[in-house]
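Here's the structure, in structure tokens; my notes come after.
Worth saying up front: this structure is predicted, and the values here are computed from it rather than measured. First listed ligand is number 1; within each ligand, the first listed atom is number 1.
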Amino acid sequence: MSASSTSYLAFVPQHAPTTHSVLAMIDRGDGPEAETLVSFSDAPSATMLAAALNGFLLHQVTAERRLEAVLDGAPDPVRKAVSALLPVLATATADDPAALRVARQLPTVGDDGFLLFPTTNCPGRCEVCGTCRDDCVGCSECADGGCEVCLPVTLTPRTAAVLGHALAILADEAYDYIYRTGMCRDGTPGPLGAVVPCVADQDEWFLRRYARAFDDLSSDLQIGRFPTPTCTAEEIALDLAIQDAERLYDDEDELVADLETELPASRSDYNWDTLQDVLFQDKDYEGLLSYRIPLERDEAERWFEEFGNVPPRDRHRGFRR
Ligand SMILES: [Zn+2]
Ligand SMILES: [Zn+2]
Ligand SMILES: [Zn+2]
């Protein structure tokens with residue numbers, strides 16, 4: 001981090017008898033300090049705004065929607081301060097992934113994990129279809145697919161839960177292959193095909209980072225953001241996970257019912273093809289999924305080169321296993 005840059009670490013509410021503020025925890029290069037961003041006369045607004053701003057820092061799918069909800073009807077100075085801040089947050093977090101550590105670790109109130117994903121995009125009083133509400137029930141415009149606002153949701157809570165499960169079992173299979181544990185005791189790649197053939201011969205350092213790619217994508221889901229590949233290894237991991245999630249959904253009724261418990265249903269649940277379309281920048285990696293000739297060391301190493309156009313991972317995040 002350069003001396004002149006300001007990192008926003010997190011936002012927290014501060015409740016006093018008559019004022020309720022949102023404090024920004026910032027780092028200008030001399031360690032963290034707190035700075036008052038805005039003040040409200042009521043407590044819930046400050047709490048909700050802090051949570052929404054943390055969501056914005058973390059690129060949560062519903063962050064903007066939650067920001068709009070709390071800013072709707074907020075005093076002018078609050079709206080001005082927040083709209084001046086958002087562009088700064090958007091660029092700041094792009095090149096300083098370490099800054100997100102604090103926000104990631106904050107305990108959340110209310111919805112967390114998969115519940116951070118929406119079940120509908122219907123805003124409740126849609127500008128396009130007018131009175132549309134309750135997930136477009138009875139709306140003729142939406143029945144014809146005519147509304148650009150009330151589109152199907154890409155990643156719903158239930159879809160996220162099944163995809164998260166797929167990522168977890170694939171990560172474990174990849175780690176099992178490295179350590180010759182579990183299903184891979186005999187040293188052969190496991191039944192799920194977590195380790196694709198062309199890199200099965202790579203060394204432990206390669207394979208541990210490859211296994212971590214599944215965990216990294218899973219950590220995106222845990223904080224309510226799209227799993228966003230930052231390198232080729234993660235693209236391959238995500239593609240395999242979407243395929244495996246579809247398999248789980250088709251074959252493992254009991255497991256899926258278990259994962260669905262306590263998560264709301266959506267008419268957009270389990271659109272696996274949409275995930276394949278939306279979550280990838282391109283499909284250049286696809287040939288590698290079935291490529292059987294072992295890659296050279298240098299070629300394989302390129303799987304971890306960061307794309308540069310999406311925020312990279314925190315270098316100090318460590319390994320789960
Ligand atoms: Zn609608
Ligand atoms: Zn509608
Ligand atoms: Zn609409």
- request: Evaluate the criterion side-chain hydrogen bond (donor to acceptor under 3.5 Å, both in side chains) for residue pair Asp42 and Ser45; output intermediate values, then yes/no.
  value: CA-CA 6 Å; Asp42 69 301; Ser45 295; 2.7 Å; yes
Give a yes or no answer on whether the side chain of [X] reaches the backbone of [Y] with a donor-acceptor pair at less than 3.5 Å.
{"X": "Asn271", "Y": "Asp273", "answer": "no"}
{"X": "Arg65", "Y": "Thr62", "answer": "no"}
{"X": "Glu173", "Y": "Ala194", "answer": "yes"}

Under 2.8 Å from the Zn ion (ligand 1), the protein N, O or S atoms, given as residue and atom: Cys122 SG, Cys132 SG, Cys136 SG, Cys150 SG
message: Can you tell me if Lys80 has over 12 outside heavy atoms packed within less than 6.0 Å of its NZ?
response: no
- request: Locate the shortest heavy-atom distance separating Pro227 from Leu279; write the atom from each residue and the value.
  value: CG-CD1, 3.9 Å
